[in-house]
Protein chains: 2
Amino acid sequence: MVTIADVARAAGVSPSTVSYVLSGRRSISEDTRRRVQHSISELGYHPNAGARALASSRTNVLALVVPLRTDLNVPVVMQFVAATVTEARTYDHDVLLLTKNEGPDGLRRVAASAIADALIVMDVETSEPRLPVLRSLHRPVVLIGVPADPGDLTCVDLDFTAAGAASVTHLADLGHREVALIGPSPAVYKRGTSYAGRFLRGFRQTATKRKVRAGSFPCAPSYDALRACLDDVFAKHPGVTGLVVHNEAILGPLLSELNRRGKQVPRDISVLAVCPEDMAEAQSVQLTSIAIPAAELGSLAVEMAMRRLDDGGQAEVRLLSPRLTERGSTGPAGT
Amino acid sequence: MVTIADVARAAGVSPSTVSYVLSGRRSISEDTRRRVQHSISELGYHPNAGARALASSRTNVLALVVPLRTDLNVPVVMQFVAATVTEARTYDHDVLLLTKNEGPDGLRRVAASAIADALIVMDVETSEPRLPVLRSLHRPVVLIGVPADPGDLTCVDLDFTAAGAASVTHLADLGHREVALIGPSPAVYKRGTSYAGRFLRGFRQTATKRKVRAGSFPCAPSYDALRACLDDVFAKHPGVTGLVVHNEAILGPLLSELNRRGKQVPRDISVLAVCPEDMAEAQSVQLTSIAIPAAELGSLAVEMAMRRLDDGGQAEVRLLSPRLTERGSTGPAGT
DNA sequence: CTGAAAGCGCTTACAG
DNA sequence: CTGAAAGCGCTTACAG
């Protein structure tokens, strides 16, 4: 194993000088820097992470707490994770993966043993039970989602309330008077997952304002559940002409079922999806959609965590404005 | 921050005794152990990871190198990752996530800076370009997948050759004389991804042996690509009565398309899927399938990595036998 | 612009 | 059965 002493010897300087060349924390003569850099690459030196962490109390590791359920949208989680890891690397950090079911003890362990400098937490609930622990960790925490009372914790998410509103506005503008929201699994609502409730609220408020009849239909991610859900929609809303789908897992099956039932999109019924862009494009009918910007959220979360680490900065709640892209699955009502 | 010295003081022993209580590397009187344990939980002590790593040259971290492509099956990757993290925790290890696009330098960095004790590498290609680097790391490496020449690297995977064979055997036994394999995206074959080629080989060999006419049709993960692919299948194999689908992303769309074309499963055409169990069960028709045991592979990989860390054990190539479950999407040919 | 040295919090021979 | 002490490989005041 190559140590800083080896590099120092090879370059004819002291170990501290090598360290300063690496950190840039003091000025080094051009000549010395060059000799050190040369020895470093010559020897293939990489600072020992444990020693560095011990001496500096910085690990250069971000802990990412992910849910590993299957009722959540898996591709969205993956996109988020990928963006987080990629962005973290641009700050010279690595990502440690923790699962939600490690619970409060796991969070305490990671913080107390100084395994990570900061935490990014996905799948936040409205009355998030982990909030007290997270606050007690004395480490920067970035929540993906917005709990009822974030306090001094940083949050970032899509503005789901605005997204819910935008979905109704779009359909109302097209003349639809009766719409249905096909939402996430009942389990997601039961858990009080932050985004589900916020979307629904925006959806309902705007429906009232725009005098659009609106119903909400949670749907479990299975073919049978979807069929039952659609039956329910058409029974309760015989005049429905617009569907807002906030449930990525059943997008494909939904389009098949509509087709099987002889409903053409958008002629007979408009469909607006809330999902990642690529998913909206990959369906049998290209879907008008409000994007779930998983990748942006991932890199933003890292950026915010890094900022809090560096400047000790202020907590903030950052909500990304929804972006709606028309792709032809929505059209005027009653044509 | 609570240190081992704090615990020692509170328990009235030396720091080394606390360390030995934690590691169990020497016998401690029952009384001392109890006092120490009590102080530990009293103070909420967790050993500093960096200090421990520095002193012991063990990080208790496993690095997991994952592909972050979208042409790979995302749920399978997630299941694998989840199982890896969960299993690692049972060995008191954490998981560091690396992306494949960090490349050889990333692998070298992780090994040289002693961030992780061992590596688990997913998405291995037949002529895997990372093999030389991986061998040079002097750390246990477990590959998910089997390269042409694994050498002294440990490998674990489903026996895809046997799986390909089993798929044909199942259909041939049911009397099918002409079958088509709808495989992974052409990009997957082009890349030489290990499992795709192995499955195809088993499929072809057994088709020849059983005198079954067989064709192979790679399919990109989009609705349009699927339609074109099916057109191709029926053009080249007008007498086809069995479909083997080794491409999870297009399972749902495939069933919709068959339905739209008036082909009933399994009356008109049998469908056998290669995918995780829950996916086979979630389709509009419950699918007879050969399971992709993502979770088992994840925990096996961790187990094998831990064994190599502890006993320095032998390298091995471990192939799990395929398991076929009948669910009614396959039936006798020509009824 | 650079070096010598203390110290980060553990583990583990060495000693008794 | 237990303790004192060296040492792991860095960073960072302290000094010049």
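The chains referred to below are lettered A, B, ... by the order of the sequence lines, with proteins before strands, and numbering in each begins at 1.
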May I ask you to say what A:Ser19 touches in the nucleic acid, namely base, sugar-phosphate or nothing, with a heavy-atom cut-off under 4.0 Å?
base
Within the 4.5 Å heavy-atom criterion, are B:Tyr45 and B:Asp6 side-chain neighbours or not? no
Closest to the side chain of B:Ser27, out of D:dG9, D:dC1, D:dG3, is D:dC1
Q: Look only at the side chain of B:Thr59 and the backbone of B:Val61, and say whether a donor-acceptor pair between them is shorter than 3.5 Å.
A: yes
C:dT12 base to B:Arg25 side chain: any donor-acceptor pair below 3.5 Å?
no
Whole-Å distance, A:Asn60 CG to D:dC10 C1', equals 13 Å
Q. Under 4.0 Å between a side-chain N/O of A:Ser29 and OP1 or OP2 of C:dT2, yes or no?
A. yes
- [ ] Taking only the side-chain nitrogens and oxygens of A:Ser56, find out if one of them lies under 4.0 Å from OP1 or OP2 of C:dC8.
- [x] no
**Q.** Backbone of A:Arg307 reached by a side-chain donor or acceptor of A:Asp310 within 3.5 Å
**A.** no
Assign each of A:Asn48 and B:Gly12 the nucleotide of DNA chain D bearing its closest heavy atom; nearer the 5' end lies the nucleotide of B:Gly12
Between OH of A:Tyr20 and C1' of C:dA5 the distance, given in whole Å, is 12 Å
A:Leu54 CG to C:dG7 C1', in whole Å, measures 9 Å
Closest of D:dC8, C:dT2, C:dC8 to the B:Ala55 side chain is D:dC8
TODO: Scan B:Thr32 against the nucleic acid and name what it touches under 4.0 Å (heavy atoms): base, sugar-phosphate only, or nothing.
DONE: sugar-phosphate
- Query: Are OP1 or OP2 of C:dC10 and a side-chain N or O of B:Tyr45 less than 4.0 angstrom apart?
  - Reply: yes
Tell me whether the OP1 or OP2 atom of C:dG3 has a side-chain N or O from A:Thr17 closer than 4.0 Å. yes
Problem set entry | Donor-acceptor under 3.5 Å (A:Ser299 side chain, A:Ala295 main chain) | yes
pair_partner(D:dA13), Watson-Crick or wobble, both distances < 3.5 Å, evaluates to none
Quick check on D:dG3: is either OP1 or OP2 less than 4.0 Å from any side-chain nitrogen or oxygen of B:Ser14? yes
Paired to D:dA4 by Watson-Crick or G-U wobble criteria (both distances under 3.5 Å) is none
Side-chain atoms of B:Ser16 come closest, of D:dA13, D:dT2, D:dA4, to D:dA4
Assert: residue with more 5' nearest nucleotide on DNA chain C, out of B:Arg26 and B:His46, is B:His46
> Ion pair present between B:Arg108 and B:Asp105, side-chain N to carboxylate O less than 4.0 angstrom?
Replying inline: yes
